[in-house]
There are 4 protein chains.
Amino acid sequence: MNKRIRDYGINIGNLSMGKLNSITDVQGLKVGHVTLNEGEIKTGVTVIIPCRNNVFQDKLLCGLDVINGFGKSAGLIQIDELGTLETPIVLTNTFSVGDASKGLIQYMLSNNPDIGISTGTVNPVVCECNDGYLNDIRGFHVTSDHILDAISKASNDFQEGSVGAGTGMSAYKLKGGIGTASRLLAICGEDYVVGGLVLTNMGKKHELIIDGKKVGKELLKIDPSENELPDKGSIIMIIATDIPLSSRQLKRVSKRCIAGLCRTGSNISNGSGEIAISFSTANRVPHYPKDILRMKFISDEFIDPVFEATADVIEEAVLNSMLTAETVTGINGNIRYSLAKYIDELLD
Amino acid sequence: MNKRIRDYGINIGNLSMGKLNSITDVQGLKVGHVTLNEGEIKTGVTVIIPCRNNVFQDKLLCGLDVINGFGKSAGLIQIDELGTLETPIVLTNTFSVGDASKGLIQYMLSNNPDIGISTGTVNPVVCECNDGYLNDIRGFHVTSDHILDAISKASNDFQEGSVGAGTGMSAYKLKGGIGTASRLLAICGEDYVVGGLVLTNMGKKHELIIDGKKVGKELLKIDPSENELPDKGSIIMIIATDIPLSSRQLKRVSKRCIAGLCRTGSNISNGSGEIAISFSTANRVPHYPKDILRMKFISDEFIDPVFEATADVIEEAVLNSMLTAETVTGINGNIRYSLAKYIDELLD
Amino acid sequence: MNKRIRDYGINIGNLSMGKLNSITDVQGLKVGHVTLNEGEIKTGVTVIIPCRNNVFQDKLLCGLDVINGFGKSAGLIQIDELGTLETPIVLTNTFSVGDASKGLIQYMLSNNPDIGISTGTVNPVVCECNDGYLNDIRGFHVTSDHILDAISKASNDFQEGSVGAGTGMSAYKLKGGIGTASRLLAICGEDYVVGGLVLTNMGKKHELIIDGKKVGKELLKIDPSENELPDKGSIIMIIATDIPLSSRQLKRVSKRCIAGLCRTGSNISNGSGEIAISFSTANRVPHYPKDILRMKFISDEFIDPVFEATADVIEEAVLNSMLTAETVTGINGNIRYSLAKYIDELLD
Amino acid sequence: MNKRIRDYGINIGNLSMGKLNSITDVQGLKVGHVTLNEGEIKTGVTVIIPCRNNVFQDKLLCGLDVINGFGKSAGLIQIDELGTLETPIVLTNTFSVGDASKGLIQYMLSNNPDIGISTGTVNPVVCECNDGYLNDIRGFHVTSDHILDAISKASNDFQEGSVGAGTGMSAYKLKGGIGTASRLLAICGEDYVVGGLVLTNMGKKHELIIDGKKVGKELLKIDPSENELPDKGSIIMIIATDIPLSSRQLKRVSKRCIAGLCRTGSNISNGSGEIAISFSTANRVPHYPKDILRMKFISDEFIDPVFEATADVIEEAVLNSMLTAETVTGINGNIRYSLAKYIDELLD
C-alpha cells in the first residue's frame with residue numbers, strides 16, 4: 001500500500017480524523033471500484049453507495065456547487081431543484097457518462113419495480129473527468145455492466161490512487177485519481193463525521209502546493225516535462241456527513257470544497273470542470289410520503305466547523321489521491337509520474 | 001396532414017409568422033425524427049441540427065433557463081458556463097438520455113477526429129421527457145444508432161405531433177409531442193426570425209387555455225378521464241434565431257418561454273421538468289481561436305420584440321404539438337386523445 | 001371603495017378564496033401604507049409585517065425568484081443564502097431604497113438592542129418599482145421616518161390601488177399599484193391559506209389579458225395614448241402562507257408567480273425588474289439557537305395545489321391592483337387612467 | 001508609509017506586477033477615501049471610479065460571484081442580469097449602504113440630467129462589511145455627502161490599510177482594511193493588466209496563511225486574544241482589467257477570487273458575506289444605442305493566465321490590507337492589532 005500524506009508527518013488542519021480517515025467513516029457508506037487497465041485502456045468506474053437502505057425509497061438531502069461548469073456530469077439539475085439524492089453516485093470518464101447512466105438506471109429499476117411504471121423516473125447521478133491523456137477515451141470501454149459490478153464490490157474499505165474512475169486521471173500533470181479523508185467534530189453535544197472523496201484530474205505542475213509549501217516551481221525544475229499543454233482536466237469532490245444539514249446548507253458545504261482544492265494550488269482553470277456534491281445521512285425523504293415531513297437541522301450559527309472540516313478533508317484527499325497513485329504509462333506512451341517519486345525532494 | 005392552430009382561425013399575438021411558421025425558418029437549421037411506434041413501444045428521437053457548418057469547430061452562442069429542474073437533461077451545465085452550443089440538440093425519453101448521449105458523441109467523433117485526441121472532449125446536449133404513460137420506457141428502445149439515423153434524416157421540412165421524441169408524449173392529459181412556430185421582426189433595420197420547437201409532455205386537463213380561452217373546465221366535462229394522476233411530465237422548449245444575441249441575452253430569451261407556456265395553462269407542476277434553450281446563428285465561436293474574437297449584438301434596449309416573439313412562438317408551438325398529434329393507444333392500453341377531437345367543441 | 005375583479009363576476013381559477021381575499025388572510029400578517037400625494041409627488045411606502053412576534057429573533061423561512069434582475073431591490077442576496085426573512089418587507093420607489101433601508105434598520109435597532117452590538121447586523125428587505133412617470137422621483141420624497149409611520153399603521157385591513165408604494169405606479173400603461181388576493185387549500189388534512197400582494201408597474205396596453213380575454217388590442221383602439229414608450233416598469237410579487245414549506249420550496253413557489261403574471265399579458269420586458277418573494281409562517285428559525293432545530297415540511301409531492309394557488313392569487317392581485325386604482329395625473333401632467341374606466345367596454 | 005508584503009521579500013505567484021502594484025494600474029481608474037476616525041467612530045467610504053468617461057452613458061461590462069450571500073451589498077442583481085456597471089463602486093459599513101446608495105444616486109443625477117426623467121433609473125453599486133467591532137455602527141456616521149467627497153478625492157495614488165471603508169475593519173481577528181495589487185500579462189500579443197482591490201473583514205487568527213506558511217497556530221500562541229467570537233465579517237473583492245472580457249467571462253474571473261482568498265486561510269465562514277465583482281474597461285455599452293453593438297473578447301481558451309493573475313492579486317491584496325493597517329482601538333476599547341506587529345516573528 002502506498003503512503004498517504006499523513007505518513008509523511010503532515011496533518012492538514014486542526015481537527016482530528018476519523019477511524020479510517022476515509023469517506024467510509026460515515027456509517028453505512030460504501031465505495032466500489034472497477035478498474036480497466038490493459039494496454040491503452042486506463043479507465044474505470046467508482047461508485048459511492050451513500051447509505052444502507054434503499055436510497056430511492058428514502059432519499060438523502062443533498063446540495064451541490066458547480067464551481068466551473070466546463071463538464072458533462074449528469075443529474076445535477078435535479079439535485080439543485082429538489083435537494084435530494086436518490087441513487088448511488090457514479091464516477092467515470094467523460095465519454096462514459098451515457099453508458100454509466102444507463103447502468104445506474106438499470107440497477108435502480110432492478111431494485112425498484114415501481115420506477116417508470118407506477119411512479120415517475122429516476123435521476124442517475126454520474127460525474128466525470130476526461131482521462132484522454134492516458135486512456136483510449138474514444139474507445140468507450142466502460143459498459144453499463146461495469147456499474148453493476150462496481151456496486152457489487154462496494155465496501156467500507158477501498159483503495160485510493162490509480163483505481164476505478166481514477167485509473168487514467170492526472171493531477172498537476174502528475175498521476176491523479178481517487179483520494180479520501182475524514183474529520184470528526186461535535187455540534188450541540190453530538191459527535192459527527194465529515195468525509196470526503198475526490199476524483200482528481202486538474203492542475204499544472206507549477207501550481208502545486210503541499211500543506212502550504214508552494215512546491216510547484218521546484219517540481220517544474222525537477223521534472224519540466226508535459227507542463228505546456230493547457231489543463232483539460234476536472235475534479236469531482238464528494239462530501240458525506242451524518243450531520244443534520246438541509247439541502248441549502250449542503251450547498252453551502254459544497255461551496256467550501258474549493259477552499260481545500262485551492263490550497264493544493266489549483267486556480268480553477270478554464271478547462272477544468274469542477275463539481276462539488278455534499279449529502280447528509282441524517283434525514284430521509286420518503287418517495288411515498290404519507291404525511292407532513294419532520295426533519296432536524298443544525299443552525300447555520302454552528303456550521304463553521306463543518307466548513308473547516310470540509311476544506312481540510314478536500315485538501316488532504318487531493319494529496320492522498322496523488323501520493324497513493326502509482327506512475328502510469330498509457331495511450332501513445334504518455335506517462336504520468338507519481339507524486340510519491342518526488343515528494344521527499346519537494347518536502348526537503 | 002393534421003390542422004395547426006392557425007387553420008382554426010387563431011393567430012397568437014401580433015407579429016407575423018415566417019414562411020414555414022417553423023423553427024426551420026431560421027436559415028440552415030434542420031430537424032430530423034426517428035419514430036419508434038410498434039405495440040408498447042411509443043418513443044423516438046428528434047434532432048435539431050442548429051446550423052450548416054460544423055458546430056463543434058465554430059460554435060453557436062447559447063443560453064438556457066432551468067424553470068423546473070425536475071429533469072434529467074444532459075449538457076446544460078456547460079452551456080451555462082461557456083455560453084456555447086457545440087453539438088446538435090437531441091430530444092428523447094428520460095431513460096434514453098444515456099444511449100442518446102453516446103450516439104451523439106459518436107457522431108461528433110466521426111466528424112471531428114481531434115476530439116479526445118488532440119483537443120478535449122465534447123458536450124452532448126440531450127433533453128428528455130418521460131413518455132412512460134404510453135411507452136415501455138423500461139425497455140430502453142432507443143439506441144445510439146437512432147441518433148445517427150435521425151441526424152441523417154434531418155431536413156427543413158419536418159412533421160409535428162406524435163413523431164420522433166414526441167411519439168409517446170402527453171400534454172394536458174391529451175396527446176402531446178412536437179410542435180413548432182416562428183415569428184418575423186426587424187431590429188435596427190434588419191429582418192430577423194425567431195423560431196421555436198417544443199416537446200410537450202406536461203399539464204392537466206383542467207388547466208388548458210387556448211388563445212386565452214380557459215377551456216380546461218369544459219374539457220374536463222367532455223372527457224373527465226385520466227386527470228387524477230399527478231403531472232409527471234416535462235416540456236422542452238427550444239428557441240432558434242438569427243438575431244445577434246449574446247449568451248446572456250439568450251438566457252433572457254429562454255426565461256420568456258415560460259410566458260408562452262403559461263398562457264396555454266401550465267402552472268409548472270412539481271414533476272414537470274421544464275427547460276428552455278435558446279441559440280443564435282449570428283456569431284460563431286471558433287474552437288481553435290487565433291486572435292481576439294469580434295462579435296456583434298443588439299442592445300438590450302431593442303430586445304422587447306424578441307421577448308414578445310418568444311412568448312408567442314412557444315404558445316403557438318404548444319398548441320400545434322397537440323392539434324397535430326393523433327390519438328395514441330400505448331402500453332397497458334393507456335390512451336391519449338388528440339386535442340383535434342375536442343377542439344371544435346371547445347372553441348364553440 | 002372601488003370594485004375588484006370578482007365584483008365583475010370574474011373568478012380566477014378553481015380554488016376558493018380566503019375570508020378577506022387578501023394576503024392578510026394569513027394569520028398575524030399586517031400591511032401598512034404611507035401615501036405621498038401632493039402635486040408632483042406621487043409616491044409612498046407599503047410595509048408587510050410578516051408575523052406577530054419579533055421576526056428578527058424568530059425568523060421565517062423565505063425563498064425568492066429574480067425573474068428579471070433589471071431592478072434595485074435590497075436584501076435579496078441574503079435571503080437566497082440563508083433562506084430566512086428577518087425584517088418586515090418594505091415596498092417603495094426606486095430612488096428611495098436607501099432611505100427606506102435606513103428607516104427599516106432603525107426600526108429593527110429600536111426593537112433589538114443586540115443588533116450591531118452583541119450580535120451581527122440585520123438584512124433589510126426593500127423592493128422597488130420606478131414611479132418616475134407620475135412622481136417627482138428625483139426629489140427623494142420618501143424619508144426613513146415614513147417607514148416607521150407605515151409600520152405603525154399596519155393592520156389586516158388595508159387599501160388597494162393608488163396607495164402606499166403604489167401611489168405613482170403604472171400597469172399596462174394604465175394606473176397600477178397595490179393589489180391582493182388569497183386562496184384556501186388543504187394538504188394532508190390540514191387547512192391552509194396562500195396570500196399574495198403585488199406592486200404593479202409593468203406592461204404595455206396591447207398586452208393586457210383579463211381572465212384569458214386578450215383585450216389589449218381593443219384597449220389600444222379605445223385609448224391609443226402613451227403606448228409607444230418602452231416599459232421601464234417592474235413588478236414586485238409577495239406570497240405569504242402558513243403551509244410548512246422549506247426555503248427551497250418557497251423558491252419554487254416564487255417561480256410560479258410568473259404564471260399568474262403572464263396570464264395578465266406581460267412578456268417580462270427588458271426594463272421590467274420582476275421579483276417574487278415567498279415566505280411561510282409555519283416554522284421559525286431562532287436567532288440564538290440552543291440546540292438542533294426541528295422543522296416540518298410538506299413533501300414536494302403535495303405541492304402542486306400550492307403552485308396553482310400561487311398563479312391564481314397573482315393573476316387576481318394584478319387585476320385588483322389596476323381596478324382599484326383611480327386615474328392619477330402626476331408630474332409633467334402625465335396621466336394614467338384607471339382600468340375601471342374601460343373594463344365594462346373591454347369585457348363586453 | 002507602512003510596508004507591503006513585497007517589502008518582506010515575498011512575491012505571490014509567478015507573474016510580474018504593474019507599475020504601482022495597484023488596481024490603479026488599470027488606465028483611467030481612480031480610488032478615493034473618506035476616513036471617519038474620531039473616538040468611537042471608526043468607519044468611512046472608499047470609492048472606485050472605474051473609468052474616465054461617464055460610465056452611465058457608456059457602461060462597462062461586469063460580472064460577479066456571490067460566494068457567501070450573508071451580506072447586504074446593493075446593485076448586484078442588476079449586474080447579474082445586464083452584465084454592466086453604470087456607476088462607481090462604493091464600499092462602506094453595513095448600516096451605511098442606504099445613505100451611500102442615496103449619495104451615489106445623487107452624484108449620478110447631478111451628472112446625468114436624463115436619469116429619472118427622459119430615461120429610466122440608475123443602479124448604484126454599494127458593497128459593505130460590518131465594522132461594528134471597532135466602530136459605533138449603530139450611529140450611522142456615514143452620510144450621503146461623504147460619497148461625493150470620496151469621489152472628489154479619487155486619484156490613481158491612494159492609501160491602503162485603515163483608511164476609507166477599511167477604517168474599522170478586521171481580518172483574521174487582526175486589523176484589516178483596504179489592500180491592492182496588480183499583475184501584467186500578454187494575450188494574443190497584447191499587454192494587459194489585472195488589478196485587484198479588497199476590503200478585508202473576515203477570518204480568525206488560527207486560519208491565517210502567509211504565502212503558503214500556515215502561521216495561524218503560531219499567531220494564536222503569540223496572541224490568543226479575541227479569537228473565540230465567531231467570524232461576523234465579510235470581504236469585498238474587486239477585479240479591474242483592460243482585457244476584453246464579456247460579462248460571462250468576468251463572472252468566471254470573479255469566481256477565481258476565492259482561490260486567492262482561501263490561500264490566505266479563509267474557510268468562508270457562515271457570517272462572512274463574500275462578494276467578488278470584476279469589470280473590464282475594454283468594451284463600452286452605450287446607454288443610448290443607435291445600432292448593432294460591436295465588441296471584442298478574448299477566447300476562453302486564453303483565459304487561464306487571467307485566472308492565475310486574479311488569484312495572485314487577491315492573495316497579495318489581502319496581505320497588503322493587513323500589513324499596511326495600523327493597530328486601532330475602537331468602541332468599547334476593542335483593539336485590533338496590526339499584522340505588522342507580528343510579521344517578523346511569524347515569518348521567522
Side-chain angles (χ1 to χ4, degrees), chain B residues 57-59 61-65 77-84 86 114 118-120 123 186-192 242-256 280 282-304 306-307, chain D residues 57-59 61-65 77-84 86 114 118-120 123 186-192 242-256 280 282-304 306-307:
Chain B
Q57 299 297 329
D58 287 288
K59 304 174 205 299
L61 292 181
C62 186
L64 61 84
D65 185 32
I77 300 286
Q78 184 162 320
I79 290 176
D80 229 25
E81 181 77 31
L82 300 179
T84 51
E86 61 182 24
D114 46 346
S118 58
T119 192
N123 182 46
I187 299 172
C188 296
E190 291 285 326
D191 292 323
Y192 297 110
D242 52 2
I243 305 170
L245 296 170
S246 70
S247 58
R248 180 187 57 76
Q249 292 172 321
L250 288 159
K251 178 181 268 296
R252 299 188 86 199
V253 167
S254 295
K255 282 194 165 191
R256 273 65 188 181
S280 161
N283 292 285
R284 302 301 284 262
V285 180
H287 185 75
Y288 295 106
K290 294 196 184 74
D291 203 347
I292 295 290
L293 309 178
R294 296 189 181 274
M295 298 198 185
K296 56 183 180 176
F297 306 114
I298 66 162
S299 165
D300 286 84
E301 293 293 312
F302 303 142
I303 209 169
D304 278 351
V306 190
F307 291 168
Chain D
Q57 300 297 328
D58 287 288
K59 304 174 205 299
L61 292 180
C62 187
L64 61 83
D65 185 33
I77 300 286
Q78 184 162 322
I79 290 176
D80 229 27
E81 180 77 32
L82 300 179
T84 51
E86 62 182 24
D114 46 346
S118 58
T119 192
N123 182 46
I187 300 172
C188 296
E190 290 286 324
D191 292 323
Y192 296 110
D242 52 2
I243 305 171
L245 297 170
S246 70
S247 59
R248 179 186 58 75
Q249 292 173 321
L250 288 159
K251 178 181 269 294
R252 299 189 85 199
V253 167
S254 294
K255 281 194 163 190
R256 272 67 188 181
S280 161
N283 292 285
R284 302 301 284 262
V285 180
H287 185 76
Y288 296 108
K290 294 194 186 75
D291 203 346
I292 295 289
L293 308 178
R294 295 189 181 274
M295 298 200 184
K296 55 182 181 178
F297 306 115
I298 66 162
S299 164
D300 286 84
E301 293 292 311
F302 303 141
I303 209 169
D304 278 351
V306 190
F307 291 169

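Hydrogens, waters and symmetry mates are skipped; everything else that's a heavy atom, side chains included, is used. In this text the structure is predicted, and so the values were computed from the model without any measurement. Letters A, B, ... are given to chains in the order of the sequence lines, protein chains preceding strands, and every chain is numbered from 1.
Not counting sequence neighbours, the partners of D/Lys59 by the salt bridge (Lys or Arg N to Asp or Glu O under 4.0 Å) test are D/Glu86. For B/Ser254, the side chain to side chain donor-acceptor pair (under 3.5 Å) test picks out B/Ser278, with sequence neighbours left out.
D/Ser247 touches chain B through its side chain: at least one heavy atom from C-beta onward sits under 4.5 Å away, while N, CA, C and O do not. Interface residue D/Pro289: backbone and side-chain heavy atoms are both found under 4.5 Å from chain B. In this structure, the portions of D/Leu82 lying under 4.5 Å from any heavy atom of chain B include both its backbone and its side chain. D/Tyr288 does not touch chain B: none of its heavy atoms, backbone or side chain, sits under 4.5 Å away.
The side chain to side chain contact (heavy atoms under 4.5 Å, CB included) test with B/Glu81 is passed by exactly one of D/Arg248, D/Arg252, D/Lys251: D/Arg252.
When every heavy atom of B/Ile292 is checked against every heavy atom of D/Lys296, the shortest pair comes out as CG2-CB, 3.6 Å.
If you tally non-hydrogen atom pairs under 4.5 Å between each of B/Met295, B/Arg294, B/Glu301 and chain D, the highest count goes to B/Met295.
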